[in-house]
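So the structure is just underneath, and the comments pick up after that.
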Amino acid sequence: MPELPEVETVVTGLNKLVVGKIIDHVDFDWPKSFPNSDEEIRSYLVGSEIVNVKRRAKVIIMELSSKYSLVAHLKMTGQFVFRGRTNWGAGHPNDSLVSKLPDKSTRVTFTFSDNSKLFFNDQRKFGWIRLLPTSEVANIDFIKKLGPEPLSSDFTHNEFRKQLQKRPNTNIKAALLDQSVIAGIGNIYADESLWGARIHPQSVVKSLTTAQTNKLHNEIVEVLKLSIEKGGSTDRNYVDAEGKKGSYLKFANVFRRENQECPRCGATIVKIRVAGRGTHVCPMCQRIKK
DNA sequence: CACTTGACCTGTCCGC
DNA sequence: TGCGGACAGGTCAAGT
């Protein structure tokens with residue numbers, strides 16, 4: 001599922017819904033989803049308050065009053081959905097993929113002291129939650145290696161070119177999906193930003209001109225901002241912390257639009273395979289550059 | 001080393 | 001309908 005805009009939307013929702021809640025207990029049936037020991041849970045989770053929720057790349061970090069944090073990755077199908085007194089039973093039936101919880105994809109359930117609940121659902125079981133000291137979050141290997149946040153002021157045209165030099169001989173799509181080059185982009189926003197910049201996903205990174213990477217930089221920022229504004233993309237599973245879908249895909253130009261007309265030139269959009277991923281491209285206005 | 005290809009899982013869709 | 005295979009928004013580990 002979720003790329004930067006979806007995770008950002010979930011984090012915004014969690015800040016509104018669960019900050020200030022005290023964790024009473026936690027239930028889980030798939031240990032890989034939440035592998036901490038009973039001892040750690042008893043000592044650092046139960047009885048602690050959620051004080052803040054933030055995002056780095058696609059990782060969600062919930063800081064607790066115990067000086068520990070719940071760190072989570074939604075991978076392809078993970079969801080955090082809150083249910084409490086104000087929204088029992090999903091207040092938006094036509095806009096939601098989940099009405100009754102827990103359901104068979106529920107892996108972890110946090111119950112708060114006021115009896116409201118936060119469900120971690122994950123159909124494919126790739127996602128995970130870890131409880132660890134807040135001071136160690138920055139030292140997680142994956143987080144240490146992450147490239148710049150595309151919506152931060154550090155992400156300049158020059159910085160983007162510098163980061164791309166880490167992967168000079170691969171294609172630009174693989175480079176965009178590499179979280180150590182740039183943090184938070186996944187399959188949808190890679191395709192959309194490459195279409196916006198008129199760059200073919202199979203173009204070799206070192207062949208791109210400065211004008212092209214500058215344009216791509218601008219497209220990445222615009223596409224991500226627009227998606228956050230639309231509450232992210234719901235392709236199949238994604239919902240926000242209230243269980244609602246995102247509407248960005250209505251505005252997408254190529255993603256999942258194979259066999260439709262390119263909105264820019266009218267040619268037929270094709271779906272190919274690049275970097276092992278389904279990739280949507282307009283063969284007319286996105287040219288391969290070797 | 002740099003880069004590409006499976007594996008991790010469940011569910012759905014499509015062709016025979 | 002049934003069944004096999006491909007595919008799905010991400011990241012690792014193991015290959016070349």
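Chain A is the first sequence line, chain B the second, and so forth, proteins listed ahead of strands; every chain is numbered from 1. Values reported hereafter were calculated over all heavy atoms of this structure, with side chains retained and with hydrogens, waters and symmetry mates removed. All values derive from a computational prediction rather than experimental measurement.
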Within the pair [X] and [N], is there a side-chain N or O less than 4.0 Å away from OP1 or OP2?
| X | N | result |
| --- | --- | --- |
| A/Arg236 | C/dG9 | no |
| A/His73 | C/dT11 | yes |
| A/Gln179 | C/dG10 | no |
| A/Lys271 | C/dA6 | no |
| A/Arg256 | C/dG9 | yes |

Open item on the list: Give the dot-bracket line for DNA chain C from 5' end to 3' end: parentheses for intra-strand Watson-Crick or G-U pairs under 3.5 Å, square brackets for crossings, | for inter-strand pairing, dots for unpaired.
Closed with: .|||||||.|||||||
Open item on the list: Taking the basic N atoms (NZ, or NE/NH1/NH2) and the acidic carboxylate oxygens, is any pair closer than 4.0 Å for A/Lys225 and A/Glu229?
Closed with: no
TODO: Starting at the 5' end of nucleotides 3-10 of chain B, put B wherever the base has a protein heavy atom under 4.0 Å, S where only the sugar-phosphate does, and a dash everywhere else.
DONE: SS---BBB
Task: A/Asn253-A/His280 side chain donor-acceptor pair, cut-off 3.5 Å - done: no
Open item on the list: Between A/Lys173 and A/Thr279, is there a side-chain donor-acceptor contact under 3.5 Å, judged purely by atom types and distance?
Closed with: yes
Nucleotide [N], atom [atom2] - distance to [atom1] of [X] in whole Å:
| X | N | atom1 | atom2 | result |
| --- | --- | --- | --- | --- |
| A/Ile140 | C/dC12 | CD1 | P | 10 Å |
| A/Lys144 | C/dC12 | NZ | P | 13 Å |
| A/Glu3 | C/dA8 | CD | C1' | 12 Å |
| A/Leu4 | C/dG9 | CG | C1' | 13 Å |
| A/Phe255 | C/dG9 | CZ | C1' | 6 Å |
| A/Leu146 | C/dC12 | CG | P | 9 Å |
| A/Leu74 | C/dA8 | CG | C1' | 16 Å |
| A/Asp122 | C/dG9 | CG | P | 15 Å |

Open item on the list: Any non-hydrogen side-chain atom of A/Phe110 less than 4.5 Å from a side-chain atom of A/Val18?
Closed with: no
Euclidean distance for [atom1], [N] against [M] (whole angstrom):
| N | M | atom1 | answer |
| --- | --- | --- | --- |
| B/dC9 | C/dG2 | C1' | 23 Å |
| B/dT12 | C/dT11 | P | 24 Å |
| B/dT5 | C/dC7 | P | 14 Å |

Task: Identified salt bridge (Lys or Arg N to Asp or Glu O under 4.0 Å) partner of A/Glu8 from the options A/Arg55, A/Arg56, A/Lys230, A/Lys54 - done: A/Arg55
- [ ] If the plane angle is over 60° it's perpendicular, under 30° parallel, otherwise tilted; pick one for A/Phe34 and A/Phe28.
- [x] perpendicular
Touch check for [X], heavy atoms < 4.0 angstrom, all strands: base, sugar-phosphate only, or nothing?
| X | answer |
| --- | --- |
| A/Gly278 | sugar-phosphate |
| A/Phe142 | sugar-phosphate |
| A/Ser233 | base |

TODO: Map A/Arg273 and A/Lys58 onto DNA chain C by nearest heavy atom, then report which one ends up closer to the 5' terminus.
DONE: A/Arg273
Determine all donor-acceptor pairs shorter than 3.5 Å in which one atom belongs to a side chain in residues 127-137 of chain A; sequence neighbours excluded.
| from | atom 1 | to | atom 2 | distance (Å) |
| --- | --- | --- | --- | --- |
| A/Thr134 | OG1 | A/Lys67 | O | 3.1 |
| A/Thr134 | OG1 | A/Tyr68 | O | 3.2 |
| A/Thr134 | OG1 | A/Ser69 | OG | 2.8 |

Open item on the list: For a side-chain contact (heavy atoms from CB on, under 4.5 Å) check, start with the C-alpha distance between A/Ile228 and A/Leu4, then their side-chain angles and the critical distance, and finish with the verdict.
Closed with: CA-CA 8 Å; A/Ile228 290 171; A/Leu4 187 153; 4.1 Å; yes
Task: Separation between CD1 of A/Ile188 and OG of A/Ser193, rounded to the nearest 0.5 Å - done: 11.5 Å
TODO: For A/Arg257 and A/Val270, indicate whether the former's side chain and the latter's backbone hold a donor-acceptor pair under 3.5 Å.
DONE: no
